[in-house]
S.K.: 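Sending over a structure as structure tokens; questions will come in a sec.
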Amino acid sequence: MLAMNYRGPKRVRIDNKQLPEILHPQDAIVRVTRSCICGSDLHLYNGSVPDTRVGMTFGHEFTGVVEQIGSQVQKIKVGDKVLVPFNIACGKCVFCQQELYGNCHESNPEATAVGGIYGYSHTAGGYNGGQAEYVRVPYADVGPSVIPDWMHPDDAVLMTDVVPTGYQAAEMGGIRKGDTVVVFGAGPIGIMAARCAWLFGARRVIVIDYVDYRLDFARKYAPCEAYDFRSLEDPVVFIKRTTDWMGADVCIDAVGAEAAGSALQTLLGRKLLLQGGSATALHWAINAVKKGGIVSIVGVYGPIDTLIPIGNVVSKGLTLRGNQASVKRLLPRLIEHVRTGVLNPKALITHHVPLEEVSDAYRIFSDKLDGCIKTVLIPPSSRN
Amino acid sequence: MAQPKIDPTQVPGWGVDADPKNDPTYPMKRRNDGEHAGYSWDRPTQQPATVEILHSNERPNLSAVFGTASPPVALSGMIRRLAFKYSESSYAHWLPLMLADRINEVEGVVHDLSQGRVPNFFAERGGKAQWKHSPDRMLGRLLIGAFVVSAAVGYFTAPKSEEDLDQMEDDSSRSVTSRCPRNVHHAVAHFQE
């Protein structure tokens with residue numbers, strides 16, 4: 001089968017790889033119909049996630065058709081069209097039982113801090129991902145959801161990560177009616193977080209980034225105010241000033257390890273890889289939120305230490321909340337939002353690219369070329 | 001500078017999920033305190049380990065399922081095995097893994113060559129897309145790269161100046177000072193006079 005093949009930082013290609021096999025009685029094999037490139041894939045692409053081994057296939061946002069099921073699978077059947085949450089969850093451990101499906105204890109032997117994630121290095125379990133024609137799906141009775149007949153395939157694939165992560169970013173902010181919410185990052189997750197902040201009753205939503213076309217997109221899609229931090233003398237001072245010197249009620253870090261805006265953070269986190277990423281957005285979030293406010297973190301960082309002003313967290317009495325989105329928990333509500341038209345995920349997709357052109361697709365997404373917001377890879381069997 | 005304010009009530013879905021109970025810790029999880037019973041739940045069937053799987057020393061076993069994407073190999077594999085002797089809380093775990101990743105990249109190139117395949121770095125790095133959509137940036141990167149390489153080659157291969165060559169000749173005739181720093185050399189020469 002055709003599959004993306006990681007060869008080293010900024011080097012990926014399409015190769016013929018062996019078909020995946022059933023390795024566990026609760027496995028399914030899914031023929032991929034769509035898979036996305038996620039902003040967090042760029043951390044792998046740039047070589048900043050430890051234990052990202054050559055030969056891996058990335059891709060944790062995908063939909064497909066069930067081709068084969070293991071002997072213990074009962075809830076899905078061959079031929080079902082499914083969307084597959086990016087987290088691999090057993091449904092039985094105490095964390096899954098508490099609906100913390102992003103923190104499963106039976107899906108990743110290689111690190112206890114993170115549950116299993118498709119195509120996200122051996123630090124997240126060593127699973128090949130969905131940027132391929134076929135993929136192995138463990139715990140097939142727990143994760144995959146049958147796609148409703150009425151749902152557009154492009155909406156479905158964004159329900160595997162982008163929509164739940166953006167929604168949970170807003171949810172973790174504990175937004176109250178009347179709150180001012182600042183979202184750092186105008187990538188797909190940040191834009192979705194801004195959109196969802198309204199659902200929780202925000203009075204004002206502001207997005208901060210530096211990529212003009214993405215700021216324009218956020219203004220129209222969310223809708224929201226959106227500012228280029230390069231045009232602000234200091235984004236923290238700007239947010240203080242525009243909130244009558246109080247600070248935002250809620251700040252959301254939707255950037256993570258690849259943040260621009262600070263030479264020191266860029267040097268330590270992106271060039272020298274001496275910390276778990278460039279934490280510029282998180283630094284600003286902590287300093288721009290009000291005293292007693294909440295900082296919600298969905299931006300992905302590496303596992304090693306990262307430079308943030310933790311003293312200010314204490315002194316300001318902040319609450320930091322972060323997690324991998326619990327996709328399975330959120331799906332029923334989010335599917336309803338798509339059905340009623342409250343959310344329109346597919347509008348985020350700017351590029352449909354043949355799977356065979358995965359190298360170029362990564363470059364376009366990574367370098368923010370051609371007005372790219374969100375890229376979907378389409379395998380040959382799904383293009384007709 | 002300031003942009004017009006948006007009337008929230010005109011945004012589709014405004015407030016539909018507002019939940020006054022959404023204080024920190026709710027609804028992130030449906031608390032049942034199951035952790036208090038320890039690692040005692042009815043575990044899923046264990047996946048057999050058909051390839052080498054490294055596991056964190058912060059857990060006693062392999063998780064019930066796991067990926068088998070790229071088992072540890074060669075020198076990078078040896079380093080990874082060493083790294084897994086240390087906990088996720090230790091730099092001795094993560095930094096060797098980063099080193100192993102870089103070595104693994106070289107191993108990948110060697111493996112390609114051993115299979116009779118020359119890696120197409122231009123294509124793998126998405127060069128076609130970059131050239132199509134951002135030729136200026138690509139040329140800039142090429143120029144910077146060429147400058148750095150030229151500077152490095154020039155630094156290491158350029159002939160010494162005439163003065164330095166004379167100095168080296170003098171140094172070679174005075175073996176006692178031949179490896180001394182320049183200022184020490186002068187001091188010794190003065191003493192000899």
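Per chain, numbering begins at 1; letters A, B, ... match sequence-line order. Treat the numbers as computed from the prediction; the structure is a model and nothing was measured.
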S.K.: Can you check whether A:Ile304's main-chain N or O pairs, donor with acceptor, with B:Tyr91's side chain at less than 3.5 Å?
M.R.: no

S.K.: Identify which part of A:Pro223 has an atom lying under 4.5 Å from any heavy atom of chain B, answering side chain, backbone, both or neither.
M.R.: both

S.K.: Taking non-hydrogen atoms and a cut-off under 4.5 angstrom, which of residues 135-148 of chain B neighbour chain A?
M.R.: B:Arg137, B:Arg141

S.K.: Can you tell me if A:Tyr127 uses its side chain to pair, donor with acceptor, with the backbone of B:Thr68 under 3.5 Å?
M.R.: no

S.K.: Does any backbone or side-chain atom of A:Asp228 lie under 4.5 Å from a heavy atom of chain B? Answer side chain, backbone, both or neither.
M.R.: neither

S.K.: With a 4.0 Å cut-off on N to O distance, would you call B:Asp112 and A:Arg13 a salt bridge?
M.R.: yes

S.K.: Strictly distance-based, threshold 3.5 Å: is any side-chain N or O of A:Arg363 a donor or acceptor partner for the main-chain N or O of B:Lys128?
M.R.: no

S.K.: What part of A:Val358 is in contact with chain B, defined as an atom under 4.5 angstrom from a non-hydrogen atom: side chain, backbone, both or neither?
M.R.: neither

S.K.: Considering only heavy atoms, which portion of A:Asn5 lies under 4.5 Å from any heavy atom of chain B: side chain, backbone, both, or neither?
M.R.: neither

S.K.: Test salt bridge (charged side-chain N to carboxylate O under 4.0 Å, His left out) on A:Arg7 and B:Glu124 and set out the steps.
M.R.: CA-CA 8 Å; A:Arg7 307 309 299 170; B:Glu124 289 174 355; 5.1 Å; no

S.K.: Could you tell me whether the side chain of B:Ser56 and the main chain of A:Ala111 form a donor-acceptor pair under 3.5 Å?
M.R.: no

S.K.: Tell me if a side-chain donor or acceptor on B:His133 pairs with a main-chain N or O of A:Ile364 at a distance below 3.5 Å.
M.R.: no

S.K.: Would you please go through residues 4-13 of chain B and name the residues with a non-hydrogen atom below 4.5 Å from one of chain A, in numerical order?
M.R.: B:Pro4, B:Lys5, B:Ile6, B:Pro8, B:Val11, B:Pro12, B:Gly13

S.K.: Using heavy-atom distances under 4.5 Å, tell me whether B:Asp33 contacts chain A through its side chain, its backbone, both, or neither.
M.R.: backbone

S.K.: Closer than 3.5 angstrom, by distance alone: can the side chain of A:Glu106 be matched with the main-chain N or O of B:Ala64 as a donor-acceptor pair?
M.R.: yes

S.K.: If we count only N and O atoms by modelled type, under 3.5 Å, do the side chains of B:Trp41 and A:Gln97 hold a donor and an acceptor together?
M.R.: no

S.K.: Test of understanding: with side chain to side chain contact (heavy atoms under 4.5 Å, CB included), list the residues that count as partners of A:Val342, not counting sequence neighbours.
M.R.: A:Arg195, A:Leu199, A:His337, A:Thr340

S.K.: Under 4.5 Å between any side-chain heavy atoms of A:Phe200 and B:Val16, yes or no?
M.R.: no

S.K.: Side chain from CB out, backbone as N, CA, C, O: work out which of these in A:Tyr139 comes under 4.5 Å of a heavy atom of chain B, or both, or neither.
M.R.: side chain

S.K.: For chain A, which residues of residues 100-110 of chain B have at least one non-hydrogen atom nearer than 4.5 Å to it?
M.R.: B:Asp101, B:Arg102, B:Asn104, B:Glu105, B:Gly108, B:Val109

S.K.: Is it true that the side chains of B:Glu88 and A:Thr112 contain a donor and an acceptor less than 3.5 Å apart?
M.R.: yes

